[in-house]
Amino acid sequence: MKLTIDRSRLVSALQQAAKAVSARTTIPILTGVKMVADPYGVTLTGSDSDVAIQCTVPCEEDDRILVHLQQPGSVVIPASYFLDIIRKLPGDTVEIEVNERFTVALRSGPSAFHLNGMDADDYPRLPQVEEGIGFAVPSDLLRTMIRQTVFAVSASETRPILTGVQWTLEEGRLRFVATDSHRLATRTAQVEADAEARVSVVVPGKSLQELARTLEETRELVDVSVAQNQLIVKGKHILFYSRLLEGTYPDTSRIIPTASKTNLVVETKEFLAAIERASLIAKDGKNNVVKLWVRPDQTVELSSHSPEIGKVTEAVAARAVEGEELKIAFNAKYMMDALRAVDAPEVAIRFTGAMSPFVLKPTDHDWTLHLILPVRTY
Amino acid sequence: MRRFVRTVLLADMDAFFASVEQAHNPALRGKPVIVCGDPEKRHGIVLAASYEAKRCGVKTAMLVGEARRLCPEAVFVLPRMATYVQISNAILAMMKEITPLVEPFSIDEAFLELPDATDLVRDGVETARRLKDRIRREIGVSCSIGVGPNKLLAKMAAGLEKPDGLTVLTLDDVPTRLWPLPVRELFGVGPRMERHFYRMGIRTIGHLAQADPDRLARRFGLMGRVLHLSANGIDYSPVDPGSLAVRRSIGHMFTLPRDYRTLDELRVVLLELVDDVCHRARTRGYVGQTVSLTLRFADLSGLHRQKKLEAPTNVTPPVFAAAFHLLQRFWNGQPVRMVGVSLGNLMPDTGFQLDLFGREERQRRLAAAIDHIRARHGKTSLLRAVSLTPPSVFFDRAGKIGGHRK
């Protein structure tokens with residue numbers, strides 16, 4: 001393999017691919033980044049056992065030559081050294097040459113490095129993109145959908161399936177559901193897909209956090225497909241692979257209450273700030289418990305007390321209050337997470353009793369819904 | 001040269017939960033009051049009894065039905081743990097105004113050390129009297145205080161006169177006031193230890209004080225030496241303000257009838273121990289978040305590992321899962337002689353997070369139902385099927401509560 005490549009493009013491609021490389025992997029070849037040079041360009045792949053990120057620098061883009069290819073080939077190069085060296089090289093271009101013993105020569109301006117590489121044939125193979133069914137979604141929308149749900153996945157391995165976000169595509173509507181069994185977050189969006197295309201998979205939360213970091217804040221479409229138990233997201237120069245979780249995701253559709261006994265409309269930011277204040281007292285307690293009291297006279301009070309520290313009460317300025325009196329206790333963190341993810345100036349909160357799940361929804365659209373289970377107090 | 005003498009106080013609230021109820025409701029004052037699990041249903045156990053009720057023979061941990069028979073005119077009150085914790089903290093705050101060295105020992109007991117005191121009797125008694133007055137005035141609860149040169153003697157002193165006592169115990173008082181007491185009265189001696197001592201001819205604290213410490217050490221290890229020192233009124237442990245959160249735990253250990261060699265055998269014992277630990281946590285109104293596993297092997301070497309739970313609890317499934325995980329991960333297959341499990345990082349059980357699938361709630365309801373049945377009909381009235389298999393130590397352990405195991 002022999003080529004010359006634009007250094008800044010190589011750095012950004014390498015940075016993306018290296019995100020998937022785990023320092024703690026037990027498989028030696030996965031500590032490296034696979035580099036393939038062919039007439040289309042230079043493709044860099046990083047992977048751990050859960051995700052893989054593939055990033056391409058095309059030979060030519062907008063009439064600019066980015067790669068000057070003299071001899072195609074492939075090699076695996078230790079990721080951390082490769083990235084650090086390329087970042088610090090002095091020239092605008094880098095010349096890369098690999099001999100038959102996988103020694104990688106990196107030359108730029110006056111400096112020359114030689115790194116010991118590995119045989120690319122030993123690198124695990126990734127599934128092909130063309131396979132599988134899928135849909136297209138704007139990059140920034142997918143990012144938002146992940147952000148609005150992934151925080152609610154379970155951090156514990158007791159029920160592994162709950163560490164993922166459930167993706168369901170039906171009749172062109174993509175729905176994300178995440179729950180750790182104490183709260184649940186959903187987000188739905190219209191996407192470009194065949195009307196009969198159906199997808200139902202569970203994607204690990206950790207992979208999605210990685211995916212959100214690689215997605216750009218643009219309206220440009222990315223293609224999503226499922227093949228060989230992998231989720232594949234294809235952007236302009238980037239391919240993202242994630243392992244899927246095996247197992248049955250619990251049926252959450254019946255858990256969401258449809259009726260309610262007490263309803264509240266609050267201004268999102270104001271209410272969030274009030275919860276944050278109450279949480280200052282509650283956060284050291286075991287459940288971070290804040291209490292909400294909807295009084296018979298329709299005023300609303302938020303309170304929290306901690307025997308060691310003290311207490312707080314605050315009158316909540318609700319836009320609308322209706323229904324029965326209610327005293328309910330909940331984990332302030334769950335409420336703050338939901339309010340931060342809801343993306344609406346106003347939310348409606350619907351309660352069905354002190355021991356039942358309650359629902360938060362924007363007042364102006366139906367795309368997001370958050371559900372929180374209360375804390376039972378004696 | 002004058003020897004340096006510490007001044008340590010132990011303040012023990014008299015019939016704490018019941019006294020709080022009497023303080024809050026004047027109608028209850030002067031009447032027998034019993035705080036218990038479920039007064040309407042006539043079962044559950046007595047968590048606290050006022051001195052009026054104790055006079056009729058009602059004791060803590062007694063079945064409610066029995067208490068009602070002994071004291072039919074008693075007022076039965078549901079416990080309000082959150083209130084007790086709040087009051088307990090208010091009392092601790094008063095103590096911290098006296099000295100920063102305050103160590104909560106339980107919800108109704110705390111040690112105080114007076115680092116500036118020059119005279120144990122004068123300064124100790126003066127401080128104790130002021131503290132008693134303030135607690136009675138501001139909280140409405142009486143307490144018994146023991147004053148001594150260390151934690152052990154302060155604790156022993158507080159037990160000598162109740163309720164509303166103030167007792168000083170100096171090192172010089174040990175032979176006259178402690179030695180004549182039965183050995184079980186010594187702090188740290190349980191019913192099992194008492195039986196061992198009886199077989200060695202040790203019946204009083206004095207007998208223990210005069211026993212050969214090396215012989216005790218050979219027989220009981222470090223604990224033997226510590227108890228020998230205790231019997232002589234010696235205790236070097238500091239008053240540690242940070243101890244409650246870290247050290248408080250509820251645990252059970254069991255020496256197996258023979259060495260166990262398989263995971264299946266150990267699993268059965270572990271499950272039974274966890275059941276007992278959780279039961280005790282529930283009756284005391286605590287939840288815990290750290291599970292630790294202790295194993296002692298045939299060659300007397302040991303292993304101790306712990307794991308933090310996702311959320312504090314007092315029901316068997318999550319505690320057992322953590323304990324079994326530790327066993328699977330760290331046990332290397334050596335024959336096991338003794339198994340111990342404890343639940344630490346305890347805090348008062350004031351509520352729990354509900355979950356979508358109702359797991360914790362179901363588990364808690366099941367545990368409460370089992371507790372009720374066992375409180376009424378005895379521990380052996382309801383048991384797990386595995387407790388009928390050979391590795392089980394259930395009946396062994398159930399028998400031991402009466403202290404009759406040979």
Side-chain angles (χ1 to χ4, degrees), chain A residues 152 154-159 161-163 177-185 249-257 282 284-291 304-311 327-335 352-359 371-378, chain B residues 37-38 78-93 96 102 104 107 241 244-245 282 285-290 307-314 317-322 324-325 345-365 368:
Chain A
S154 170
S156 127
E157 286 294 332
T158 41
R159 282 187 83 178
I161 197 79
L162 297 186
T163 61
V177 177
T179 179
D180 59 7
S181 86
H182 298 146
R183 37 70 183 278
L184 176 144
Y249 201 81
D251 180 9
T252 51
S253 59
R254 277 170 304 172
I255 290 166
I256 297 161
D284 285 331
K286 61 172 178 165
N287 287 324
N288 197 356
V289 177
V290 163
K291 289 177 180 161
S304 181
H305 95 273
S306 161
E308 291 86 17
I309 299 157
K311 60 180 180 177
K327 271 182 179 174
I328 193 166
F330 53 83
N331 184 327
K333 178 173 188 300
Y334 297 159
M335 181 62 93
T352 36
M355 297 299 151
S356 310
F358 58 92
V359 171
L371 177 127
I372 297 172
L373 277 290
V375 168
R376 184 184 176 138
T377 53
Y378 309 121
Chain B
D38 206 336
L78 272 177
R80 295 182 294 162
M81 285 313 284
T83 308
Y84 308 147
V85 173
Q86 221 173 330
I87 290 172
S88 173
N89 282 307
I91 294 172
L92 286 174
K96 281 178 192 155
V102 175
I107 190 162
L244 184 69
R282 289 193 296 270
Y286 280 106
V287 286
Q289 201 170 3
T290 313
K307 188 176 158 76
K308 195 170 178 201
L309 300 171
E310 265 174 74
T313 187
N314 58 19
V319 178
F320 174 71
F324 191 61
H325 170 87
N345 210 337
L346 297 178
M347 47 199 109
D349 181 18
T350 50
F352 63 94
Q353 170 69 51
L354 295 170
D355 72 273
L356 273 178
F357 313 107
R359 259 175 314 168
E360 176 91 8
E361 202 179 6
R362 272 201 306 275
Q363 289 167 1
R364 286 198 182 223
R365 274 167 44 200

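Letters A, B, ... are given to chains in the order of the sequence lines, protein chains preceding strands, and every chain is numbered from 1.
Every residue two or more places apart in sequence or in another chain was checked for a ring pair (Phe, Tyr, Trp, His ring centres under 6.0 Å) with A:Y249, and none qualifies.
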I'd like to know whether B:R364 forms a side-chain contact (heavy atoms from CB on, under 4.5 Å) with B:N314, so could you lay out the CA-CA distance, the side-chain angles of the two residues, the decisive distance to 0.1 Å, and finally the verdict. CA-CA 8 Å; B:R364 286 198 182 223; B:N314 58 19; 4.1 Å; yes
Between A:L371 and A:V359, is a side-chain contact (heavy atoms from CB on, under 4.5 Å) present by the stated rule, with each step listed? CA-CA 5 Å; A:L371 177 127; A:V359 171; 3.9 Å; yes
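For the pair B:S88 (side chain) and B:I107 (backbone), a donor-acceptor distance under 3.5 Å is present. Put simply, the side chain of B:R362 gets close to the backbone of B:F357: a donor and an acceptor are under 3.5 Å apart.
For B:E360, no part lies under 4.5 angstrom from a heavy atom of chain A. For A:Y334, the part lying near chain B is the side chain, with the backbone staying farther off; criterion is any non-hydrogen pair under 4.5 Å. With a 4.5 angstrom heavy-atom cutoff, A:T179 touches chain B only via side-chain atoms. Interface remark: A:I256 contributes no atoms to any contact with chain B (heavy atom separation under 4.5 Å). Only the side chain of A:R159 has a heavy atom closer than 4.5 Å to any heavy atom of chain B. Contact annotation for B:R80: neither backbone nor side-chain heavy atoms come within less than 4.5 Å of a heavy atom of chain A. For chain A, the nearby part of B:E310 is the side chain; its heavy atoms alone come within less than 4.5 Å. For A:L184, the part sitting under 4.5 Å from any heavy atom of chain B is the side chain, from C-beta outward, and nothing else.
Side chains of A:F358 and A:M335 form a contact here, defined as non-hydrogen atoms less than 4.5 Å apart.
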